[in-house]
Protein chains: 2
Amino acid sequence: MVELPAGTPPRRADARRNISAIVEAATRCLAEDPGVSMSAIATAAGVGRMTLYGHFESRSALVAVVVEHALDRAEAELSAVDVTGDPYDAMTRLLDASWTVTFRNGGLVQAADQALSPDLLERAHTQLVDRAKSVLRRGRSEGRFRKDMPLDWQVTAVQSLLHGAATAVHQGALTAARAPGLVTTSALALLAVPPAPSSGP
Amino acid sequence: MVELPAGTPPRRADARRNISAIVEAATRCLAEDPGVSMSAIATAAGVGRMTLYGHFESRSALVAVVVEHALDRAEAELSAVDVTGDPYDAMTRLLDASWTVTFRNGGLVQAADQALSPDLLERAHTQLVDRAKSVLRRGRSEGRFRKDMPLDWQVTAVQSLLHGAATAVHQGALTAARAPGLVTTSALALLAVPPAPSSGP
DNA sequence: CCTAATTCGTACGGTGGTGTACGAGTTGAC
DNA sequence: GTCAACTCGTACACCACCGTACGAATTAGG
């Protein structure tokens with residue numbers, strides 16, 4: 001699940017298992033509460049706090065690994081999306097995949113903000129957003145998406161919807177089953193070319 | 001600016017001035033960073049930390065007053081909005097006012113979440129959201145807003161847009177001048193009845 | 001088995017925030 | 001001008017968390 005950097009001595013099986021458990025638990029915990037403590041993460045992973053520090057030098061180091069791992073996974077999922085063909089359909093597919101990523105990672109961004117270097121974060125963000133941007137740009141040039149708003153704002157708006165839905169689900173105000181559909185419908189409504197400005201009576 | 005509860009002995013002029021300064025500084029600080037320290041708030045208000053504790057028993061007490069104050073102000077601003085007439089226009093006016101409120105208070109909600117009782121928060125939230133809900137409900141029944149999404153989700157979605165725009169402005173990714181227009185356009189696009197699902201070729 | 005790797009409890013020092021106590025200095029109000 | 005109200009620095013106890021040190025028990029792997 002979690003690859004170790006090459007060049008390090010091979011870990012024992014239980015150690016590798018624990019590292020995986022820690023990273024996965026940390027992802028879950030940080031997604032829910034960016035300020036969660038190391039103790040809580042250790043408990044959630046089913047290991048002692050000391051074991052955690054045995055594998056990760058510091059909170060920052062753990063967050064860095066978690067973010068990198070989440071980023072790799074997100075990158076893999078999003079790059080598997082077919083973004084060709086009709087921009088509407090492409091965006092729909094992209095939104096579905098983005099929903100999964102957003103819901104799984106949630107508050108991770110905020111945790112990363114406090115613990116990681118800004119430029120690293122910037123690159124990570126760019127990497128993920130660029131895909132959506134290019135679909136959006138294509139849809140705009142093909143006349144399928146509205147162009148009367150800055151492209152960056154459209155991206156921000158869609159992200160806001162994703163984030164809002166994820167929060168609502170975490171709070172129990174929305175079921176996880178309905179969320180992706182609602183996000184997609186809403187996002188497309190946001191991006192679609194508006195019907196003629198209804199000049200007549 | 002900040003009213004004192006009746007029945008307490010009248011404060012001296014400088015005390016009242018300081019209390020106002022504290023509440024206003026706290027509003028600003030908490031809106032930017034919900035986890036800001038009491039020291040930082042005191043400094044921002046131009047008073048010593050001890051003066052702050054002289055007027056507010058605890059962090060919770062301060063947050064409570066700040067929230068109450070912000071709530072009163074928001075209530076006043078939103079209740080002044082004309083929500084009659086065409087639902088589109090009513091919603092536009094409401095969104096403009098909501099933008100101001102959201103931008104000014106920002107992270108206050110998060111600070112309140114950690115410091116105040118859930119039921120108080122619930123009531124506060126309900127109070128503010130109900131107005132939008134009723135406009136939305138009317139617009140839906142009049143066929144001006146789409147009904148194929150839960151009303152609660154539409155509210156959540158619009159709030160997400162407001163919040164996302166506020167964050168973007170705070171980060172400098174969007175100018176405060178453009179934000180309200182973009183939020184309004186986007187929110188209305190979200191709520192509007194979609195153009196016929198284009199069945200024919 | 002045997003050994004080295006690994007786990008993990010306890011205990012400690014450091015940091016940063018909250019809230020309290022004391023008290024000296026300052027200033028508004030009458 | 002006087003006095004009480006107010007300001008505000010310092011100092012302290014307290015707590016939660018981070019990160020380290022030590023060491024004993026456990027366990028994977030040959």
Side-chain angles (χ1 to χ4, degrees), chain A residues 1-2 4-5 7-26 29-30 32-67 107 110-116, chain B residues 1-2 4-5 7-26 29-30 32-67 107 110-116:
Chain A
M1 293 272 180
V2 178
L4 297 177
T8 55
R11 307 296 181 99
R12 241 169 53 181
D14 53 350
R16 270 175 293 156
R17 212 179 323 125
N18 278 334
I19 291 179
S20 278
I22 289 170
V23 171
E24 274 154 34
C29 292
L30 289 168
E32 272 180 24
D33 172 14
V36 73
S37 74
M38 294 291 266
S39 300
I41 294 175
T43 303
V47 303
R49 196 170 71 100
M50 301 326 297
T51 303
L52 202 165
Y53 276 105
H55 293 300
F56 301 93
E57 274 195 347
S58 66
R59 185 172 220 280
S60 302
L62 174 59
V63 172
V65 171
V66 167
V67 167
Q110 201 176 329
D113 267 342
Q114 299 164 351
L116 269 52
Chain B
M1 293 273 180
V2 178
L4 297 178
T8 55
R11 307 298 182 100
R12 237 169 54 181
D14 51 350
R16 271 175 294 159
R17 212 180 321 125
N18 278 335
I19 291 178
S20 278
I22 289 170
V23 171
E24 275 155 34
C29 292
L30 289 168
E32 272 181 24
D33 172 14
V36 72
S37 74
M38 294 291 266
S39 300
I41 294 174
T43 303
V47 303
R49 194 171 73 98
M50 300 326 296
T51 303
L52 202 165
Y53 275 105
H55 292 299
F56 302 93
E57 273 195 345
S58 66
R59 183 172 222 280
S60 302
L62 174 59
V63 172
V65 171
V66 167
V67 167
Q110 202 176 328
D113 267 341
Q114 298 164 352
L116 268 52

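Letters A, B, ... mirror the listed sequences (proteins, then strands); counts begin at 1.
Straight-line distance from the CD1 atom of Ile19(A) to the P atom of dT6(C): 8 Å, rounded to whole Å. When the P atom of dA21(D) is taken as reference, atom CD of Glu57(A) falls 11 Å away, rounded to whole Å. Computed from coordinates, the Arg16(B) CZ to dA29(C) C1' distance equals 11 Å when rounded to whole Å. Computed from coordinates, the Arg49(B) CZ to dG9(D) P distance equals 11 Å when rounded to whole Å. In this structure, Tyr53(A) atom OH and dG23(D) atom C1' are separated by 20 Å, rounded to whole Å. Computed from coordinates, the Arg17(A) CZ to dA5(C) P distance equals 18 Å when rounded to whole Å.
Phosphate contact (OP1/OP2 of dT6(C), side-chain N/O of Asn18(A), threshold under 4.0 Å): absent. His55(A) has a side-chain polar atom (N or O) that falls below the 4.0 Å cut-off from OP1 or OP2 of dT7(C).
Here the shortest heavy-atom pairing between Ala15(B) and His55(B) reads CB-CE1, 3.9 Å. Taking both residues in full, the closest heavy atoms of Val23(B) and Val66(B) are given as O-CG2, 4.1 Å, listed atom of the first, atom of the second, then distance.
Within 3.5 Å, a donor on the side chain of Arg12(A) pairs with an acceptor on the base of dA5(C), or the reverse.
Listed nucleotides dC18(D), dT18(C), dT7(D) differ in distance to Ala15(B); the shortest reach to its side chain belongs to dT7(D).
Residues Met50(A) and Met38(A) each lie close to DNA chain D; by heavy-atom proximity, the contact nearer the 5' end of the strand is made by Met38(A). Between Ser39(B) and Thr51(A), it is Thr51(A) whose nearest contact on DNA chain C lies nearer the 5' terminus.
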